Amino acid sequence: QVQLVESGGGLVQAGGSLRLSCAASGGTFSNYFMGWFRQAPGKEREFVIAITRSGGVTYYADSVKGRFTISRDNAKNTMYLQMNSLKPEDTAVYYCAARVEGYTSRAYRTDGYNYWGQGTQVTVSS
C-alpha cells in the first residue's frame, strides 16, 4: 500500500506559478499510474492531469492545457505539478492520487484511483 503526501501549495497572485510535489512511500512508485485532482469549495473533486508509470504519456483537463505540466521522478518516488499562469479559478485543494491499473477512461474519475494524499491548498488571488 502506498502513502502519498502533497506539498508546495500556498497563496499566489494571478499569473504566478507554483510547483506541487507528491511524495510516495510504502510501495513501488513506478508501478502506479499517477494523477492530480482538485476540489474547490462547494464543488466536486475534478480531474486535473495524469501521467503514466514511465512518465512517457500525460493527460490533461482542457482547463489546464498549456498552463500545467506533470512530471515524475521514479528514482525519487515523487511526482510534480508545475502550474503556470495561474487563475483565480484554479483555487482549490489539490490532491495527488495513485492508480494500480494503467490508463483507461476511469483515469479521469476519482473512483479510478486506489490511493489519495491529504491535499494541499492552492489559493490564487486576483
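Nothing here was measured: the structure is a model prediction, and the numbers come from that model. Basis for what follows: all heavy atoms, side chains included, without hydrogens, waters or symmetry-related copies.
Not a single donor-acceptor pair under 3.5 Å links the side chain of Thr28 to the backbone N or O of Ser30. In this structure, the side chain of Arg67 engages the main chain of Ser85 through a donor-acceptor pair within 3.5 Å.
The list of salt bridge (charged side-chain N to carboxylate O under 4.0 Å, His left out) pairs with a residue in residues 10-31, not counting sequence neighbours, is empty. Counting only residues at least two apart or in different chains, disulfide bond (SG atoms under 2.5 Å apart) contacts with residues 39-87 are absent.
At least one side-chain heavy atom of Phe29 sits less than 4.5 Å from a side-chain heavy atom of Met79. Residues Phe68 and Trp36 fail the side-chain proximity criterion, which asks for heavy atoms closer than 4.5 Å. With contacts defined as side-chain heavy-atom distances shorter than 4.5 Å, the pair Glu101/Arg106 qualifies.
Rounding to the nearest 0.5 Å gives a distance of 10.5 Å between CG of Leu81 and SG of Cys22. In this structure, CE in Met34 is found 12.5 Å from CD1 in Ile49, a value given to the nearest 0.5 Å. Going from atom CD1 of Ile70 over to atom CE of Met83 covers 12.0 Å, rounded to the nearest 0.5 Å.
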Could you go through residues 2-9 and list every donor-acceptor pair under 3.5 Å that involves a side-chain atom there, pairing it with any protein atom two or more places apart or in another chain?
from, atom 1, to, atom 2, distance (Å)
Gln3, NE2, Gln1, O, 3.4
Glu6, OE1, Gln118, N, 3.0
Glu6, OE1, Gln118, NE2, 3.4
Glu6, OE1, Gly119, N, 2.9
Glu6, OE2, Cys96, N, 2.8
Glu6, OE2, Gly119, N, 3.2

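When the side-chain hydrogen bond (donor to acceptor under 3.5 Å, both in side chains) test is applied to Gln82, the partners found at least two apart in sequence or on another chain are Asn84. Evaluation of the side-chain hydrogen bond (donor to acceptor under 3.5 Å, both in side chains) rule for Tyr94 yields Arg38 as partners, not counting sequence neighbours.
Its side chain within the 4.5 Å cluster rule, Tyr103 clusters with Phe33, Phe37, Phe47, Val57, Tyr59, Val93, Tyr95, Tyr108, Tyr113, Trp116 among the Ile, Leu, Val, Met, Phe, Trp and Tyr residues.
Across all non-hydrogen atoms, the minimal contact from Thr91 to Val124 is OG1-N, 2.9 Å. When all heavy atoms of Leu18 and Leu86 are compared, the pair lying nearest together is N-CD1, 3.9 Å. The two residues Ala40 and Ala92 have their closest heavy-atom pair at N-CB, 3.8 Å. Contact between Ala14 and Ser126 at its shortest, heavy atoms only, is CB-CA, 4.3 Å. Nearest heavy-atom pair, Thr78 versus Lys76, reported as atom, atom and distance to 0.1 Å: OG1-O, 2.8 Å.
In summary, Asp90 and Lys87 do not engage in a salt bridge, as defined by a charged side-chain N under 4.0 Å from a carboxylate O.
Residues Arg99 and Thr104 have side chains that bring a donor and an acceptor to within less than 3.5 angstrom of each other.
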